Amino acid sequence: MRIVHLVSSGQLGGTEVSVIEMAVGVARAEPAWAVSATTPEHGMFERRLRQEGIDVGVRPFPPRFARIGETGHTRGGTAGLVLTLLAAAPGIAAYQRTLRASLVASSPDVLHVHGFKMQVLGALSMPPRASLVWHLHDYVSARPVSARLLRRLAPRVSLMLANSDSVGADMRRVCGTRVPIVTIYNGVDLDRFAPGGACLDLDALAGLPPATAGTLRIGLVGTFGLWKGHQTFLAAVARLETRQPIRAYVIGGGQYQTSGSQVSEASLRAEAARLGIADRIAFTGPVTDPAAAMRALDIVVHASTRPEPFGMVIAEAMGCGRAVVISGGGGAAELVTDGADGLTHRPGDDGDLAARLDRLIEDQALRARLGTAARSTAERRFDRTRLAGELVPLYRGLAR
Ligand code: GLC
């Protein structure tokens with residue numbers, strides 16, 4: 001059996017991390033199968049897959065197409081986006097022809113495609129005999145142009161997989177019920193994302209002197225996407241009432257090729273200064289070992305202001321046995337049971353987030369109880385071997 005993953009970005013965002021877990025998990029479960037991936041950029045995704053022994057091809061998008069991103073697109077609204085797409089059309093057509101030629105040559109049984117750009121290109125480039133799987137990682141209804149294109153191409157798809165029930169329901173509203181949609185929760189490497197192991201020196205990374213003994217560490221881990229709630233996090237820190245010493249960490253950085261879709265560290269520093277909390281906030285920049293960063297924290301915060309489709313960071317922090325406070329919208333709300341294995345706050349509500357944080361900061365026993373429960377939830381629901389166990393029979397059914 002040949003499985004080719006097509007991925008829309010080459011950086012290590014949540015989608016790409018989840019694809020690594022799928023590819024590696026299936027390759028280990030079925031050593032006789034050929035699992036490979038194609039990405040439009042050189043970068044961490046490519047390197048990590050190679051380290052794991054997975055074959056990766058890099059096929060750069062035409063530059064105009066690479067820069068288009070529906071979330072960050074503001075100039076001229078939908079009409080502006082359509083015009084930009086039209087301008088990029090000749091490059092896209094040429095890309096699609098070479099993609100198709102390479103797929104015909106590798107002749108996959110299953111084309112497993114992630115991200116809306118590749119989902120459109122993959123559907124237009126299908127080699128004969130292959131089954132097309134669209135793996136949904138985001139809400140398509142929030143992107144009217146992608147939604148139109150996907151609705152039109154959906155009849156070519158054999159199976160849709162969704163990273164949460166919430167994302168699956170969204171696609172059903174867009175595409176109707178003709179194509180089956182199955183929810184498969186993402187997997188995490190629970191040996192790496194484990195409670196024990198190395199801890200990063202976050203203060204040193206941020207260029208700060210070590211925090212005084214007994215300081216509680218609270219961190220927001222993730223990319224600098226506009227909707228990841230960095231402002232909410234800063235505003236919540238400014239509203240904390242606790243008298244315990246705390247230090248808050250912003251861990252991560254920008255990554256996408258698409259324009260206008262992220263916050264900058266400079267703007268967040270300015271915001272912290274405006275809120276009068278510059279001395280409590282540390283910026284570490286991107287880290288290569290997020291597990292070691294999470295283990296250095298007492299509380300891991302997830303603060304997305306829009307519904308989070310899944311939230312890899314949440315599953316990873318739970319694997320590390322941390323107390324998490326998450327934004328309780330979208331698929332993320334399916335990951336945590338409030339009060340049992342984490343706490344949830346209302347998306348974008350910094351007062352609500354501050355209240356949960358105050359409670360956790362004051363109550364060490366609660367932090368410990370939630371952390372232990374989070375680890376067992378992760379073992380039950382987010383283990384990468386469970387993920388492979390669900391994918392293998394689906395691939396078999398499609399290849400028949
Ligand atoms: C996308 C989603 C994120 C999810 C990831 C993996 O990046 O925005 O919520 O965790 O895909 O499925």
Side-chain angles (χ1 to χ4, degrees), residues 5-25 37 39 43-45 48-49 69-72 112-119 133-143 146 150 160-171 181-189 193 220-230 252 254-258 261-262 290 294 300-319 324 326-336 342 344 347 378 381-384 386-387 390-391:
H5 290 272
L6 293 184
V7 184
S8 298
S9 149
Q11 306 304 309
L12 269 195
T15 301
E16 297 75 26
V17 170
S18 76
V19 176
I20 293 173
E21 294 304 327
M22 292 176 211
V24 173
T39 152
M44 282 303 289
F45 175 70
R48 281 275 305 281
L49 273 180
E70 199 167 352
T71 336
H112 190 155
V113 195
H114 312 264
F116 300 136
K117 281 183 174 177
M118 273 298 198
Q119 276 157 1
V133 176
W134 278 356
H135 203 125
L136 311 169
H137 293 271
D138 284 293
Y139 294 101
V140 69
S141 63
R143 304 173 197 204
S146 302
L150 294 187
M160 293 197 206
L161 302 175
N163 59 359
S164 64
D165 290 339
S166 164
V167 164
D170 178 73
M171 185 52 128
I181 305 180
V182 175
T183 296
I184 292 206
Y185 288 123
N186 289 318
V188 169
D189 178 354
F193 290 93
L220 181 71
V221 186
T223 59
F224 273 15
L226 276 184
W227 54 282
K228 291 293 182 179
H230 290 83
Q255 63 159 199
Y256 295 110
Q257 283 186 35
T258 47
S261 58
Q262 35 194 358
M294 289 174 184
V300 178
V301 175
H302 162 268
S304 294
T305 50
R306 294 206 315 243
E308 176 76 51
F310 178 87
M312 284 303 276
V313 168
I314 302 169
E316 291 168 351
M318 293 173 85
V324 296
I326 70 149
S327 166
E334 296 167 37
L335 310 189
V336 164
T344 58
R381 301 181 64 201
F382 310 130
D383 191 350
R384 59 147 72 150
R386 182 271 314 153
L387 172 69
E390 287 178 38
L391 283 173

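First listed ligand is number 1; within each ligand, the first listed atom is number 1. Just so we're clear, the structure is a prediction, and the values are computed from it rather than from any experiment.
Checked by distance only, ligand 1 and K228 stay at 3.5 Å or farther apart across all their nitrogen or oxygen atoms. Considering backbone and side-chain atoms alike, N163 places an N or O below 3.5 Å from some N or O of ligand 1. For ligand 1, the polar-atom distance check against M312 finds a nitrogen or oxygen pair separated by under 3.5 Å.
A donor-acceptor pair under 3.5 Å is absent between the side-chain atoms of E308 and the main chain of A303, judged by distance alone. A side-chain donor-acceptor contact under 3.5 Å links E334 to the backbone of D165. In this structure a side-chain-to-backbone donor-acceptor pair under 3.5 Å is present from S8 to H114. Between the R386 side chain and the Y185 main chain, a donor and an acceptor come within less than 3.5 Å of each other. S164 places a side-chain N or O within 3.5 Å of a backbone atom of P309 that can act as its donor or acceptor partner.
One finds the OG atom of S304 at 7.0 Å from the CD1 atom of I314 (value rounded to the nearest 0.5 Å).
For ligand 1, the atoms closer than 4.0 angstrom to any heavy atom of E308 are 3 (C), 8 (O), 9 (O). Residue-ligand proximity, N186 to ligand 1, at heavy-atom distances under 4.0 Å covers atoms 6 (C), 12 (O).
At least one heavy atom of G311 lies less than 4.0 angstrom from ligand 1.
Here V17 has no heavy atoms under 4.0 Å from ligand 1, in either its backbone or its side chain. Contacts between T15 and ligand 1 below 4.0 angstrom, taking non-hydrogen atoms only, involve backbone and side chain alike. Here P309 has heavy atoms under 4.0 Å from ligand 1 in both its backbone and its side chain.
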Taking it one step at a time, do T39 and E16 satisfy side-chain contact (heavy atoms from CB on, under 4.5 Å)? CA-CA 10 Å; T39 152; E16 297 75 26; over 6 Å; no
